[in-house]
2 protein chains.
Amino acid sequence: MPVTMREVALAANVSIQTVSNVVNERPIVADDTRLRVLSTMQRLGYQPNALAQSLRANRAQTIGLVFARSERRTFVRKPYLNELLSGFADATRDTDYSLLMHSGADDDPAPTIRQLYQRRRIDAVILVGVLQADPVIQQVVASAVPTVVIDLPVQGDDVAGVRADYRAGAAAAVRYLIERGHTAIGYLGGTLDVYSGLERRLGYWETMTAHGLRSVEVSGGWSREDGCLGMMHLLEQHPNLTAVFAAADPMAVGALEAARAAGRHVPDDLAVVGFNDLELAALVTPALTTVHVPVYELGIRAAELLLDRLSTGHFTDTDIILPTHLVIRRSA
Amino acid sequence: MPVTMREVALAANVSIQTVSNVVNERPIVADDTRLRVLSTMQRLGYQPNALAQSLRANRAQTIGLVFARSERRTFVRKPYLNELLSGFADATRDTDYSLLMHSGADDDPAPTIRQLYQRRRIDAVILVGVLQADPVIQQVVASAVPTVVIDLPVQGDDVAGVRADYRAGAAAAVRYLIERGHTAIGYLGGTLDVYSGLERRLGYWETMTAHGLRSVEVSGGWSREDGCLGMMHLLEQHPNLTAVFAAADPMAVGALEAARAAGRHVPDDLAVVGFNDLELAALVTPALTTVHVPVYELGIRAAELLLDRLSTGHFTDTDIILPTHLVIRRSA
DNA sequence: CTGAAAGCGCTAACAA
DNA sequence: TTGTTAGCGCTTTCAG
């Protein structure tokens, strides 16, 4: 049923090799021959068999998208991922690489990656959702599969990281609050196993310290509920707080609720700043002042970096850091 | 560098064929031979080359994920997609099929699909984001590529649809409002080119008509802004409305804003119901009463249906319709 | 139950 | 410039 090179060759009265040369645009084919072959291909609806090409070249022309164990379940549902995928997709659009989303039976991504690679299904990997201390990273580095890790500083011949400047973003948020006259600024932190979370916390702490202010932190999860509970806790323990910086937008939304429940008016009685600039941030009332993270660009850069590595054989950059910026809305 | 069957055969002192038989778990190999081969494979770290297997079998073991032209740009960013992808991923997890997200250079998905298929990169397609009257569907049907289309009723030997019962969902929402005593219920519709949008509108209209009530509709886009503008318009033209049913959650959020701006208190002065039950719905104030759509299950069922078609050669079902249900929160 | 040979569709080498 | 030969790694005949 499918048309092969042999059939094109037969129909065009040339050898298979000549067809191959035409397909691969090798400039050693006579013009009239080339045109004849091209029109025959067209006529027969010939498409080269990518499987055969890949087997021959020993390249799958495919980049694997892998989600780390720690977040496999929930990560795929985060809005963050949409932007990231858009970036990957757009960056690979005009290349002849495809994106493979393999959700292996295995719960540990390292063996999955190694297997996909050894089985020649993928040439490289973009790894998403890895926690700070995850041993996966060591294994991935050891496996020598060209890899770009999102939101983690890693370096090596085969591994590079792409992330945003979370620390500077947090610092900018806190500086803004300080400039607006706030001195009692609390921090609603998430868990401490996420690299970007640690950086945000550090940005808060450094800026507070640099201005001689005392840090007041509470940690928990990343959800709205966590933000609500944390905020209640903060308001109770430190009623003099005039501002709160939340490590994530949903937490900030929770903080908004807790503040309302406590009879505090935002932003007048209490300023609230979030982080990430999710779509949600602009939709709540009052609209959230928050730190914008260029997630889509992160995706673009990650894919571009990997494509470059695949064509040149080495990483031109091993630690890309994109800038963040504060988006001022109504909540602070 | 990579270990091949030949090397395993050599090391285990058997023929290549025997190794193949062991790999494919054919029960015609003597036990001791099989064990010897298995341990050799283990020792050498052998992994079969999927490319060679696929070339041989003429199957890519891959399902393509394709986004329709009309939404290519924006669709990928919708939260809807996350759930869907989770479903696809979970449903394929324990199979030996992978998911390919090819974002072809081409802006029209039909040629992209045909090409991927003819080039043997994919065995089947899940098509997302097709508009009601999109000619893509005809082409896909004609191309004979096994395909599942999300949110569109299509049938054929090679095409099946998977969708939710949007009409019943809308009807349930309107019935709920009527039961609560509302009779002047407006409809904030989105664009009329989306199948699920038409169904929602129909559900609204049918239910209103069945109760002898007059439909009041306004159409526009699907965004919060559109909802806000539409709501302002409705309140102006029909100040006696006591309830509004929005075709999508973001629109409902916009309606909430417009109502607030107009000095109407939700839900007391005005009831608002949304559609989709996005995460956002639970986060806004007041929390949205909305129609839940089982998007994750849609993804699961779509992938399962396609996998079944791939193994049996025919669709066991060509039009799967999952139920929706009303989630009652605060806004109505 | 095991082994040898052929070929999936393509491309890299060489020869004509 | 074009055609021939060999082989990528695997599986499917068919003899042994």
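For clarity, every value in this text was computed on a predicted model and none was experimentally measured. Letters go in sequence order (proteins before strands), and every chain restarts at 1.
Residue B:R301 comes nearest to B:V162 through the heavy atom pair CB-CG1, 4.3 Å, listed as atom of the first residue, atom of the second, then distance.
Counting to the nearest Å, the C1' atom of C:dC8 and the CZ atom of B:R59 are 13 Å from each other. A straight line from CG of A:N24 to P of C:dG9 spans 17 Å, rounded to a whole angstrom. As rounded to whole Å, 14 Å separates atom C1' of C:dG3 from atom CE of B:M5. Here C:dT11 presents its C1' atom at 14 Å from CZ of A:R6, a figure rounded to the nearest Å. If you take CG of B:D31 and C1' of C:dT2, they are 15 Å apart, rounded to a whole angstrom.
Nucleic acid contact for B:R119: none, since no nucleic acid atom lies under 4.0 Å from a heavy atom of the residue. Across all strands, A:V23 comes closer than 4.0 Å to no nucleic acid atom at all (heavy-atom distances). Across all strands shown, B:T33 has heavy atoms under 4.0 Å from sugar-phosphate atoms exclusively, and none from any base. Contacts of A:N58 with the nucleic acid, taken as non-hydrogen atoms under 4.0 Å apart, are absent. Base engagement by B:I16 is indicated by at least one non-hydrogen atom pair under 4.0 Å involving a base atom. Using a 4.0 Å heavy-atom cutoff across all strands shown, A:N21 reaches no nucleic acid atom at all. Contact annotation for B:Q53: backbone-only contact, meaning every heavy-atom pair under 4.0 Å involves sugar-phosphate atoms and none involves a base. B:R34 comes within 4.0 angstrom of nothing in the nucleic acid, heavy atoms only.
Interatomic distance, CG of A:D151 versus CD of A:Q132, reported as 11.0 Å (0.5 Å rounding). Residue A:L116 holds its CG atom at 7.5 Å from CZ of A:R121, rounded to the nearest 0.5 Å. Taken to the nearest 0.5 Å, the CD atom of A:Q53 stands 11.0 Å off from the CG atom of B:L55.
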Handout entry: Stepwise side chain to side chain donor-acceptor pair (under 3.5 Å) check, B:T18 with B:S15
Key = CA-CA 5 Å; B:T18 302; B:S15 73; 3.2 Å; yes
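Where B:V14 and B:R56 each meet DNA chain C at their nearest nucleotide, the meeting point lying more 5' is that of B:V14.
Checking the phosphate oxygens (OP1, OP2) of C:dG3, a side-chain nitrogen or oxygen of B:T18 falls inside 4.0 Å. OP1 and OP2 of C:dC8 both lie 4.0 Å or more from every side-chain N or O belonging to A:N49.
Boundaries of the chain A contact region on DNA chain D are D:dT1 to D:dG9, first to last in 5' to 3' order (nucleotide atom under 4.0 Å from a heavy atom).
Judged by distance alone, the side chains of B:D90 and B:Y296 do bring a donor and an acceptor atom under 3.5 Å apart. Judged purely by distance below 3.5 Å, without hydrogens or angles, the side chains of A:Q61 and A:Y97 pair a donor atom with an acceptor atom.
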